[in-house]
Trainee: 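Before anything else, here's the structure in question.
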Protein chains: 2
Amino acid sequence: MGRGKIEIKRIENNTNRQVTFCKRRNGLMKKGYELSVLCDAEVALVVFSNKGRVYEYASNDMKSTIERYMKASADNSNSYIVQETNAQYYQQESKKLQRQIDMLQSTNRHLMGEGLGSLNVKELKQMENRLERGIARIRSKKNEMMLAETESRQKRNTELEHENAILQAKIVENERLQQLTMMPGQEYNAIHAFLSRNLLSLDMMDTEPVVYRPLPEKKALYLG
Amino acid sequence: MGRGKIEIKRIENNTNRQVTFCKRRNGLMKKGYELSVLCDAEVALVVFSNKGRVYEYASNDMKSTIERYMKASADNSNSYIVQETNAQYYQQESKKLQRQIDMLQSTNRHLMGEGLGSLNVKELKQMENRLERGIARIRSKKNEMMLAETESRQKRNTELEHENAILQAKIVENERLQQLTMMPGQEYNAIHAFLSRNLLSLDMMDTEPVVYRPLPEKKALYLG
DNA sequence: CAGCCTATCTATAAGTG
DNA sequence: TCACTTATAGATAGGCT
């Protein structure tokens, strides 16, 4: 249909392609319109130019035709239906969860002794019993934990005392050895002074419970 | 384009319409295809026959073209986008609510003295305090309600006792009147028997606290 | 580039088997 | 209902302004 026959393949000449696009697009739309009128059909037609512009024709309403198409071509996996279903599902789910939250909050408030207006005596007794059981369990757990902590502390104390005794014994032994070994001048004096400082530190520690401090204790004894 | 020119309006002849629909539909699709190839365009085309059958052509993929169209014609109010957004919104909402539920359930279980493993002594003490406050409030509410109930029962008792006394007095009065009035044969005997039954009932009621039963008390007294 | 022209090509209405 | 034919209306390629 034109001065010459053309092959159906991409028109390389940019201008020609543009012109042909415009002409044929209009032709297509006209044909769509004629089909819809002549044959009482619902026609929808979408064209994107290669530059991304949209052109459309719809005999009825594009959105509703697309929805009808989506529902008709129910090849499940259909993202439209899926999303519609999803939305509904999550909406219901949200409502359900919200109700659950309301109930839990109500229970919580009741357990905290608030919002009791709606309860009768029997329910109040029930709550009281539950709370008593709860408080008993909590107290038991608390006591258990406190006892465990005390015991562990006790054990640590014993360990530290033992360690302390050993260290003190070592120091006394060292001192004894140093005094027995005769050393000349400066070197002797230095070591003597060092040991004196250590003794002084140990004396201080007898009046001050340094051993209860966190680790490392060796540092606390000025030996490392 | 045919043997004769036709007006663009619905073809009334059923067969003709059917044939024309078939021919023109194919023509439309061919034109769509040619446009997409010649001009490097993305074409999608949906036709519903008046009997509801779907025919479609898409140069690329119908679903993706429709999505592209939906997103391009972002005249908001667009149900597709809205539903997509909705689904996402409610999904997030559900997650949030679920987290809230988990927290509340955890708190609840703690309040009931369960699942205490994760709590330290300080938190346990806190829980204990909260529960003590809760239990105090519940007990106070319970006592208040029980007191109110007792009082209302007391009041009702007084009323019933009063009513009882009045009714008894009435009976005594009736009996006195009946004995004073001389009545012949059968009739007298019938009434006498009736009154005796009443007296018996009343005697029984003196040992049994019928007055504390629920209403109606008149029936209980065999008077109505 | 947007219209317009027109020779030519296509689509198709109507008819036939 | 389909397949094929054919005359003709309609679409449009290429050229011109």
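First the proteins, then the strands, lettered A, B, ... as listed; each starts at 1.
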Trainee: Of all residues at least two apart in sequence or in a different chain, which pass the salt bridge (Lys or Arg N to Asp or Glu O under 4.0 Å) check with B:Arg68?
Mentor: B:Glu42

Trainee: At 4.0 Å (heavy atoms only), tell me whether B:Thr15 reaches a base, stays on the sugar-phosphate, or touches nothing.
Mentor: nothing

Trainee: Among residues at least two apart in sequence or on other chains, which ones pass side chain to side chain contact (heavy atoms under 4.5 Å, CB included) with B:Lys125?
Mentor: A:Lys142, B:Val121

Trainee: With axes from five pairs an end, tell me the bend angle of the helix from C:dA2-D:dT17 to C:dG17-D:dC2, nearest 10°.
Mentor: 30°

Trainee: Which pairs count as salt bridge (Lys or Arg N to Asp or Glu O under 4.0 Å) when at least one residue sits in residues 95-117 of chain A, sequence neighbours excluded?
Mentor: A:Glu93-A:Lys96

Trainee: Just grab all the ring-ring contact (aromatic ring centres under 6.0 Å, His included) pairs involving residues 82-105 of chain A, residues at least two apart or on different chains.
Mentor: none

Trainee: Evaluate the side-chain contact (heavy atoms from CB on, under 4.5 Å) criterion for residues A:Leu38 and B:Arg17: first the C-alpha distance (whole Å), next the side-chain angles of each, then the deciding distance (0.1 Å), finally the verdict.
Mentor: CA-CA 7 Å; A:Leu38 288 170; B:Arg17 193 173 60 245; over 6 Å; no

Trainee: Between A:Lys141 and B:Leu119, is the side-chain contact (heavy atoms from CB on, under 4.5 Å) condition met? List the steps.
Mentor: CA-CA 10 Å; A:Lys141 174 77 182 176; B:Leu119 300 179; over 6 Å; no

Trainee: Tell me whether A:Arg153 is salt-bridged to A:Glu149, with the criterion being a basic N under 4.0 Å from an acidic carboxylate O.
Mentor: yes

Trainee: Suppose we screen for salt bridge (Lys or Arg N to Asp or Glu O under 4.0 Å). Which residues come up paired with A:Arg133, at least two apart in sequence or across chains?
Mentor: none

Trainee: Keeping the roles fixed (side chain from B:His110, backbone from B:Leu116), state whether a donor-acceptor pair exists under 3.5 Å.
Mentor: no

Trainee: For A:Asn108, check side chain to side chain donor-acceptor pair (under 3.5 Å) against everything at least two apart and list the hits.
Mentor: none

Trainee: Under 4.0 Å from any heavy atom of chain A: name the first and the last nucleotide of DNA chain D that qualifies, 5' to 3'.
Mentor: D:dG10 to D:dG14

Trainee: Evaluate the criterion salt bridge (Lys or Arg N to Asp or Glu O under 4.0 Å) for residue pair A:Glu67 and A:Lys63; output intermediate values, then yes/no.
Mentor: CA-CA 6 Å; A:Glu67 284 193 23; A:Lys63 257 197 287 178; over 6 Å; no

Trainee: May I ask you to check whether over 12 heavy atoms, not counting those of B:Gln92, lie within 6.0 Å of atom CD?
Mentor: no

Trainee: Reading DNA chain C 5' to 3', which nucleotide is the first, and which the last, to come under 4.0 Å of any heavy atom in chain B?
Mentor: C:dA11 to C:dA14

Trainee: Which atoms form the tightest heavy-atom contact between B:Met112 and A:Arg130, and what is the distance?
Mentor: CE-NE, 3.3 Å

Trainee: Identify, with sequence neighbours excluded, every residue that meets ring-ring contact (aromatic ring centres under 6.0 Å, His included) alongside B:Phe21.
Mentor: B:Tyr55

Trainee: Quick one, which residues of residues 24-42 of chain B touch DNA chain C with a heavy atom under 4.0 Å?
Mentor: B:Arg24, B:Gly27, B:Lys30, B:Lys31

Trainee: Check whether any side-chain N or O of A:Asn26 sits under 3.5 Å from a backbone N or O of A:Cys22 as a donor-acceptor pair, and report yes or no.
Mentor: yes

Trainee: Please give me every residue in residues 4-14 of chain A whose heavy atoms get under 4.0 Å of an atom in DNA chain D, ordered by residue number.
Mentor: A:Gly4, A:Ile6

